[in-house]
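Below you'll find the structure I mean.
As a basis for the values below, the full set of heavy atoms in this structure was taken, side chains included, without hydrogen atoms, waters or symmetry mates.
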Amino acid sequence: MTAEPASIEAAALASGKFRDPDVTADGGRRAAVSLAALRTLWFNTGTLCNLTCRNCYIESSPTNDRLVYMPLADVTRFLDEIADAGLPTREIGLTGGEPFMNPEIVPIVETCLERGFSVLVLTNAMRPMMKRARDLLRLKAVHGDRLAIRVSLDHYGPALHEMERGERSWKPAIAGFAWLVGNGFNVHVCGRTCWDEPEDSLRAGFARLFARHGIDFDAEDPVRLTLLPEMDEAVDVPEITEQCWDILGVSPDAMMCASQRMVVKRKGEPASVVSCTLLPYDMQFDLGRSLAEAAGEVKLNHPHCARFCVLGGGACSRG
């Protein structure tokens, strides 16, 4: 089965929405999420990437360095704060851009693992990752499954994957993914749900893909194969009020910002902490330059909060 992207044009975001951090456009009290416990700390390793994807929410490309390469020194500073404050953080996530383009990515991963954290690296599994193959094998030999690699495969078919990521992006990604699985890495896959195709059909398609390449991978496992909702802040979506938790049967503690934060480094500025992986540029979600400063509540004043997290059930960590 070959899926095509949804052809129905979505309505534009209604004017007046997501303007006031406290009140929605229709006068409701906007929902907020408190940090229950910092379980996962993300580092954006830099927005430079070897690809320019069509719908990249962070606008990564070979030329976008709005978020510069995260240096090891800044990573170490935040790991020290976790230790000094006795925070319950157990997982470090590394995203980009393409993390394996960061010159210090290997010492960053190694330092996090040596500190006892589990590490999740998001990658397109192409040449930048494969250039680090020897280092990855060494880290796996020492730290085993505490190092996890999540590979982005937007669809099980080459045409739709390359529609998003560009020509000649499919074969290197599949080769890198197969290399990871073949060498016994703790591998995850991240796909997308924007193709107007039911989830069961998507998972069946991925299962056929893996079988065709002789890759032993459970496409039915929602942790191993994560299918994320699409993000477009220009498309209309309901605002989330305090009453929505009960109406939707969703808990604030299930939101990313209840257990996660991300460290970013904007060009020419010190590293700072933002509410989650989705909102690195919107300064209303910049929470300060330390984890202590970033421990406050987050007002759900952005379309991504509603579409991806509350209504879409999306999350970037493994659990």
Side-chain angles (χ1 to χ4, degrees), residues 9-44 55-59 66-67 87-89 93 95 192-194 226-264 266 269 271-317 319:
E9 212 172 290
L13 184 68
S15 63
K17 286 187 174 182
F18 302 102
R19 299 287 180 85
D20 187 313
D22 298 310
V23 180
T24 63
D26 61 3
R29 187 169 179 81
R30 187 176 305 283
V33 173
S34 298
L35 181 67
L38 184 64
R39 304 292 182 188
T40 300
L41 180 62
W42 290 88
F43 291 91
N44 186 291
N55 289 321
C56 180
Y57 77 95
I58 204 167
E59 301 169 4
R66 286 179 70 183
L67 302 182
L87 299 179
T89 314
T95 184
R192 301 170 87 130
T193 61
C194 60
T226 301
L227 299 173
L228 294 180
E230 198 70 357
M231 292 182 292
D232 186 342
E233 59 188 84
V235 173
D236 199 32
V237 67
E239 295 183 280
I240 306 301
T241 66
E242 291 180 341
Q243 287 72 37
C244 288
W245 302 124
D246 290 334
I247 294 170
L248 297 170
V250 175
S251 169
D253 288 346
M255 302 300 102
M256 278 199 293
C257 49
S259 61
Q260 304 180 36
R261 293 289 186 265
M262 183 170 76
V263 181
V264 301
R266 301 182 185 90
E269 299 180 16
S272 61
V273 186
V274 298
S275 60
C276 70
T277 59
L278 309 180
L279 299 165
Y281 301 135
D282 191 329
M283 293 305 294
Q284 70 176 312
F285 296 97
D286 190 300
L287 305 179
R289 295 180 179 174
S290 69
L291 298 177
E293 292 175 351
E297 70 174 12
V298 176
K299 305 286 182 67
L300 302 188
N301 191 33
H302 195 281
H304 292 347
C305 303
R307 178 175 295 104
F308 187 87
C309 295
V310 178
L311 301 176
C316 292
S317 70

A side-chain contact here means heavy atoms from C-beta on lying under 4.5 Å apart; do T277 and I58 qualify?
no
Could you go through the side-chain contact (heavy atoms from CB on, under 4.5 Å) check for S275 and V33 one step at a time?
CA-CA 10 Å; S275 60; V33 173; over 6 Å; no
If we ignore hydrogens and angles and just use 3.5 Å, is the side chain of R307 paired with the main-chain N or O of H302 as donor and acceptor?
no
Are K17 and V237 close enough that some pair of their side-chain heavy atoms sits under 4.5 Å apart?
no
If you take all heavy atoms of R261 and L35, which pair is closest and at what distance?
NH2-CB, 3.6 Å
Minimal heavy-atom distance between W245 and A32, with the atoms involved, is CZ2-O, 4.1 Å
Report the distance from atom CE of M255 to atom SG of C305, rounding to the nearest 0.5 Å.
10.0 Å
How long is the gap from OG1 on T40 to CH2 on W42, to the nearest 0.5 Å?
7.5 Å
Grab the two heavy atoms, one from L278 and one from C309, that are nearest each other, plus how far apart they are.
CD1-SG, 4.1 Å
Tightest non-hydrogen contact, residues F308 and L228, listed as CZ-CD2, 3.8 Å
Can you list every pair that meets salt bridge (Lys or Arg N to Asp or Glu O under 4.0 Å) and has a residue in residues 237-246, with sequence neighbours left out?
R29-E242, R30-E239
Scanning both residues in full, the closest heavy-atom pair of G16 with A25 reads O-CB, 3.4 Å
Just so I know, are the side chains of Y281 and L67 near enough to count as touching, which here means a heavy-atom distance under 4.5 Å?
yes
Rounded to the nearest 0.5 Å, what's the gap from OG1 on T24 to CD on Q243? Could you check?
9.0 Å
Name all residues meeting the side chain to side chain contact (heavy atoms under 4.5 Å, CB included) criterion together with D22; count only those two or more places apart in sequence or in a different chain, and write none if there are none.
D20, K299
Working to the nearest 0.5 angstrom, can you tell me the gap between T95 OG1 and F43 CZ?
13.0 Å
A side-chain contact here means heavy atoms from C-beta on lying under 4.5 Å apart; do V310 and P238 qualify?
no
How many angstroms lie between atom CG of L279 and atom OH of Y57, to the nearest 0.5 angstrom?
8.5 Å
Find out whether L311 and L248 are in side-chain contact, i.e. whether some heavy atom of one side chain is under 4.5 Å from a heavy atom of the other.
yes
Taking the side chain as every heavy atom from C-beta outward, state whether V264 and S272 have any pair of such atoms under 4.5 Å apart.
yes
Taking only residues at least two apart or on different chains, which pairs with a member in residues 273-292 satisfy salt bridge (Lys or Arg N to Asp or Glu O under 4.0 Å)?
R266-D286
Of all heavy-atom pairs between G28 and T241, which one has the smallest distance, and what is that distance?
CA-CG2, 4.2 Å
Mind checking the OG1-CZ spacing from T89 to R39? Nearest 0.5 Å is all I need.
8.5 Å
Heavy-atom check, side chain of L227 versus side chain of T193, under 4.5 Å
yes
